[in-house]
Protein chains: 2
Amino acid sequence: MTTITARQRLIDAAVEAFAEKGFTATTTRDIASRAGMSPAAVYVHHDSKESLLFTVSLQGHRAALDVIDRAAESTTDPVDRLRAMVYDFSLWHADNSRVGRIVQYEYHALTPAHRAEVATFRRSIEKTMQDALTDGVGQGVLDVDDVPGTAFSLLSLGVDLVRWFEPGGSRSGQELASLHADLAVRMTSR
Amino acid sequence: MTTITARQRLIDAAVEAFAEKGFTATTTRDIASRAGMSPAAVYVHHDSKESLLFTVSLQGHRAALDVIDRAAESTTDPVDRLRAMVYDFSLWHADNSRVGRIVQYEYHALTPAHRAEVATFRRSIEKTMQDALTDGVGQGVLDVDDVPGTAFSLLSLGVDLVRWFEPGGSRSGQELASLHADLAVRMTSR
DNA sequence: GTCTATAAATTGATAGAC
DNA sequence: GTCTATCAATTTATAGAC
């Protein structure tokens, strides 16, 4: 049995609202009413509006890191692995474009302490991608001049999806992920 | 003789403030005080806070389109042209990351009418990139399966710079633009 | 064209009844 | 754990003096 708590309903409402209007433009009244509650109910389950943002952002960062880490461990062949990592990372951003938008665009709205906490996830994501490129170069399969720059560019393809992607648009997430994976292989293969 | 009008000083202040804190989190008092004026002075020179945003956004869209259009006309060789377009577009986003951030991240804060107006510039930018790829394929020099998707991905590399690029960081704009141009050629060459 | 003062509305968060 | 009512602060924008 899956019980959806009031706390979780507020988190879901916050995701909707923050993704649609941005953190600052979202009022706590808006979040409460999307969750079918009174304005005061927000503060029974969450400390503040920023604390709601942190909860969403932390979950999003965790999920994105998890996706790319699993892909990195799925195989040892450098090309297959890179393809899987780029495909899964881009697909996650398409399938979770609302959370992704909050993760990327509301990063600056976090308190410095909370920002520092999610920053560790960002560094891990970059490191995972860099390590995959470095290993592929070491195995003599990939040809990459600038590993950190190329790693960042590959992640950019996925991240930038959250800026415009909407489910039900002219292109599916799988289609875009597949395109990004193809481009990634061309960018890095010998 | 270059006279900086009060109107322009307010625009400059708005660019600083919007890029730093976002449109909604920026107060008209903040803009006024950055321009060394009283809160009321804003409304002598601009109709509203959104009208200031529109002015900035329109100038930014115009400049970005201008940059990529000039690059597209600089040569007819498909590879050189693509390299120039990606290099200049990415360099513009690094050199103008504050205006670029406003262009990209505050697009939704425009009124529907103003949003429609800048949207025409966005379509022109995409079309310019698509045409360059299509022509390169037609000349038998480039190999691109998915022209609209690849064009969008190439622009993404530049656009995504505004998310994190800061002048004086570990990498220069030229360095990043050069990387993007190299990647673009690898992504599209036969 | 600048200012001070303020209107009118909205905000995040809390108090206290049930 | 929910609500209604409200506080205290802040917001965009305007009025009117100089």
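A note on names: the letters A, B, ... follow the listed sequences, proteins ahead of strands, and every chain is numbered from 1.
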Taking everything shown except A:D77 itself, do over 12 heavy atoms lie less than 6.0 Å from its CG? yes
Describe the nucleic acid contact of A:T27 in one word from base, sugar-phosphate, nothing, applying a heavy-atom distance below 4.0 Å. sugar-phosphate
Which part of the nucleic acid, if any, lies within contact of A:T26, taking any heavy atom under 4.0 Å across all strands shown: a base, the sugar-phosphate backbone alone, or nothing? sugar-phosphate
Phosphate OP1/OP2 of C:dA13 contacted by A:Y43 side-chain N/O (<4.0 Å): yes
Using whole Å, report how far CD1 of B:I4 lies from C1' of C:dG1. 18 Å
Inspect the surroundings of CZ in A:R70 and state if more than 12 heavy atoms from other residues, nucleotides or ligands are less than 6.0 Å away. no
Could you tell me the separation between the NZ atom of A:K49 and the P atom of C:dT10, rounded to a whole number of Å? 15 Å
Length of the line joining A:M37:CE and D:dC3:P, which is rounded to integer Å: 7 Å
For C:dT4, does either OP1 or OP2 sit under 4.0 Å from a side-chain N or O belonging to B:S38? no
Between P on C:dT2 and NE2 on B:H46, what's the gap in Å once rounded to a whole number? 11 Å
With a 4.0 Å cut-off, would you call B:R34 and B:D30 a salt bridge? yes
Using atom CG of A:L52 as one end and atom C1' of C:dA13 as the other, report the distance to the nearest whole Å. 13 Å
How long is the line joining CZ of A:R29 and C1' of D:dC3, in whole Å? 14 Å
Is B:H45 near enough to C:dT2 that one of its side-chain N or O atoms lies under 4.0 angstrom from OP1 or OP2? yes
Please indicate whether B:D66 has more than 12 foreign heavy atoms, meaning atoms of other residues, nucleotides or ligands, lying under 6.0 Å from its CG. yes
Once you apply a heavy-atom cut-off of 4.0 Å, does B:A40 come out as touching a base, just sugar-phosphate, or nothing? base
